[in-house]
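Written below as structure tokens is the structure these notes are about.
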Amino acid sequence: MQQVKAEGNVRKNARGAAKSAFAGRPVMAMRPSKALPVTTVRPERLAVRASARRENGVAKAAVVDSPTQIDQDTIMKCINTIRFLAIDAVEKANSGHPGLPMGAAPMAYVLYNEVMKMNPKNPYFFNRDRFVLSAGHGCMLQYALLHLSGYDSVQVDDMKQFRQLGSKTPGHPENFETPGIEVTTGPLGQGIAMAVGLAAAEKHLAARYNKPDAEIVDHYTYCILGDGCNMEGVSTEAASLAGHWGLGKLICLYDDNKISIDGHTDISFTEDVCARFEALGWHVQHVEDGNHDLDGIRKAIQNAKDASDKPSLIKVSTLIGYGSPNKADTHDVHGAALGAAEVAATRENLKWEYEPFVVPEEVYKAMRDYKIASGAEVEAEWNAKLEAYSQKYPAEAAEFKQLISQELPAGWEDALPTFTPEDKGLATRLHSQTMLNTLAPVLPGLLGGSADLAPSNMTLMKMFGDFQKDTPAERNLRFGVREFGMACIGNGIAMHGSGLIPYCATFFIFTDYMRNAMRIAALSEAGTIFVTTHDSIGLGEDGPTHQPVEHLASFRAMPNMLVMRPADGNETAGAYKIAVLNRKRPTTMALSRQGLPNLAGSSIDAVAKGGYVVYGTPEGETPDCILIATGSEVSMAIEAAQELEASGKKIRVVSMVCFELFDEQPESYRNSVLPSSVEARVSVEAGTTFGWAKYTGSKGKCIGIDTFGASAPAGALYKHFGITKDAVVSAAKEVM
């Protein structure tokens, strides 16, 4: 691991360190006063936080070019502006996390103002550098940076509305609320995992479209993460893949402030994080004084860029709550407002003479004015490159432009196959494989893979190889046994904004490992496709540890998630059509292991309605009983209907492939499928009966399984749990 130190000697004496940490620095200085005693900080922590002297008081930018030759005082004023915008917003809201922005402001300033390529007036400029604040609780850091960099999405009034209803500055970064926020973060660890997805998307597109004489995909993904992110296991899952894939344009700055909600992290977290990342194949450096050593931060970022075959972790040791004389380096500053007295003390300590939310004009000039001007130039230069590329490589350029427009190719859905009862019955997981391989040639953005279950999930695109370090243009992703990391990476790819359509796969039961990421996809409006197989007790002998029971109901309860349980080939094709069309809504496919017949009444287009009459008494006529089923139980319901019809009853079978889509249909359509006048209803699904009552009503019956499953052949399990044709017939007779 490379140590990146400030010029001069780092003090080893704790008392000397305590003095130097707050003394002798213009604007950024923290001079102790009698009224405002300096925070007592543990000596062993301050030894690595001790300041280093500057030459002539001017920040040098020999490695990473500074935007202008800004004097040290102005740079310090920019950094303190970031700090106080965070302090003031949290104080006004009386809610939030001021400590991280106060400590991480120096590295964040270097990133946003000196390193990152962006156009504030076009937050969605394709070739921009991406930034992820994985430690999303410190979001006032990012809001301050967006405002100071000239983004229209965050004005001073927006920061005054921090954490208030309807504001553009919610309590954690939300990509769907605030332009300039790339991904929604907050649940720790997921941010860096999504950053891996962003970087993977860049590497993939660069490999596919760049030419030796024309680079049109060339941007970095930067991330600031904290101790909590490193504690969460998902960060290691994703970091392991980043190292394996050699994502050299992923640069993560670890805000090493050694504080969490419970207190100092040494009560529970003493591992060598840098050694861990080195073992994962990352390039690792340590900036020992992240409070003052801007040159060290600059040099470390340049070193990271030079290590182009590996992702980089830069451990930046900082003081949480830097500037607060009584709360710095304590958990008190982590997740609560400083309080009026401590805000005043911090203003005096940092010699900050401005009122709340006031930004000095020289700061706007050094940051906002520069970033707006340079951003316009950066985008114009890229547009010129793209035009030259289009002249040399028209076919590739046409595909690339279509992709980044995020519009789907015309007529892509025409590739979807249709099925008749004469076609061989297959498991819907096999139909899913057909859809992926049919769509891959007509959807250039489709890519994905499985968590080490590709032969069971049937998710390989046969015409492509594996996305690997040396073959990043390929479209099959091998995630290994890392379900949570896989889902986060898929979300990052979806939110790259380049038209890529990611899918990720596992057994339905193992969505328990990745549920939080699936929820973030739904919240973030990320159109990730979650392909899950072995969707019920129908998987058989593996037993209850592998048999999902409550999972369908739980995902149906998740807002903005489409849950598809198709019954045959046509419905599987229809489910994929809906999933691809919904780029702001994730889809969970629940697919069978066992073979199912193709139904005479199914169709691709009917799936868009969510539920439809698949057999029996048509719309417009009144049945004696309605049987409602999904997936593998639809054919069972049809068999039951046929037996009931033989006794003279009029029976309708409804395939309820997607609750969400059906519930969104006009009332007139819903009533035509499930007329309120027909109270004799029976539902059948090999999962919990929870949630079915809204369709069966108080007089109907629900057939399902409300216990855990068991280990046995599938047929024996269906009989044991009473999910059979005979059970459906019996229930129908009871309710009629």
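Quick note: numbers below take in every heavy atom, side chains included, and nothing from hydrogens, waters or symmetry partners.
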Inset, instruction - State which residues pass side-chain hydrogen bond (donor to acceptor under 3.5 Å, both in side chains) with Gln547; sequence neighbours excluded, sorted by chain then number. - result: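 Gln547 satisfies side-chain hydrogen bond (donor to acceptor under 3.5 Å, both in side chains) with no other residue.
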Inset, instruction - Could you tell me which residues satisfy side-chain hydrogen bond (donor to acceptor under 3.5 Å, both in side chains) with Glu571, sequence neighbours excluded, listed by chain and number? - result: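 Partners of Glu571 under the side-chain hydrogen bond (donor to acceptor under 3.5 Å, both in side chains) test: Tyr612, Ser655.
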Legend entry - Arg515: partners by salt bridge (charged side-chain N to carboxylate O under 4.0 Å, His left out), with sequence neighbours left out: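 Expected list: Asp512.
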Legend entry - Partners meeting salt bridge (charged side-chain N to carboxylate O under 4.0 Å, His left out) with Lys168 (sequence neighbours left out):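 Applying salt bridge (charged side-chain N to carboxylate O under 4.0 Å, His left out) to Lys168 gives none.
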Inset, instruction - Tell me, yes or no, whether the heavy-atom count around Asp414 atom CG, taken from other residues, nucleotides or ligands under 6.0 Å, exceeds 12. - result: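 Yes, because the 6.0 Å sphere around CG of Asp414 holds more than 12 heavy atoms from other groups.
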Legend entry - Within 6.0 Å of CZ in Phe690, more than 12 heavy atoms from elsewhere: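 Atom CZ in Phe690 is not packed in, count stays at 12 or less.
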Partner residues of [X] under the side-chain contact (heavy atoms from CB on, under 4.5 Å) criterion, sequence neighbours left out:
{"X": "Ala732", "result": "Cys625, Leu627, Leu644, Val682, Met736"}
{"X": "Arg652", "result": "Val613, Thr617, Pro623, Ile626, Val654, Pro675"}
{"X": "His172", "result": "His137, Arg163"}

Residue pairs, two or more places apart or on separate chains, that pass salt bridge (Lys or Arg N to Asp or Glu O under 4.0 Å) and touch [range]:
{"range": "residues 602-618", "answer": "Lys577-Asp605"}
{"range": "residues 654-677", "answer": "Arg585-Glu664, Asp663-Lys694"}
{"range": "residues 522-538", "answer": "Asp535-Arg565"}
{"range": "residues 429-453", "answer": "none"}

Inset, instruction - Go through Thr572 and Met589 one step at a time and tell me if the side-chain contact (heavy atoms from CB on, under 4.5 Å) criterion holds. - result: CA-CA 9 Å; Thr572 305; Met589 304 274 192; 5.9 Å; no
Inset, instruction - Check step by step if salt bridge (charged side-chain N to carboxylate O under 4.0 Å, His left out) holds for Glu734 and Lys701. - result: CA-CA 9 Å; Glu734 283 187 47; Lys701 283 191 171 293; 3.4 Å; yes
For [X] and [Y], which heavy atoms make the closest approach, and how far apart are they?
{"X": "Gln190", "Y": "Val234", "value": "N-CG1, 4.0 Å"}
{"X": "Tyr503", "Y": "Thr459", "value": "OH-O, 2.8 Å"}
{"X": "Phe507", "Y": "Ser456", "value": "CE2-CB, 3.7 Å"}
{"X": "Ser524", "Y": "Phe176", "value": "CA-CD2, 3.9 Å"}

Legend entry - All ring pair (Phe, Tyr, Trp, His ring centres under 6.0 Å) counterparts of Phe400, not counting sequence neighbours: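 Ring pair (Phe, Tyr, Trp, His ring centres under 6.0 Å) list for Phe400, sorted by chain: Phe126, Tyr209.
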Inset, instruction - Would you please say whether a donor-acceptor pair under 3.5 Å links the side chains of Ser153 and Thr178? - result: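 No, Thr178 and Ser153 have no side-chain donor paired with an acceptor closer than 3.5 Å.
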Legend entry - Parallel, tilted or perpendicular, as decided by the 30° and 60° cut-offs, for the rings of Tyr513 and Phe510: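 Ring orientation of Phe510 relative to Tyr513: tilted.
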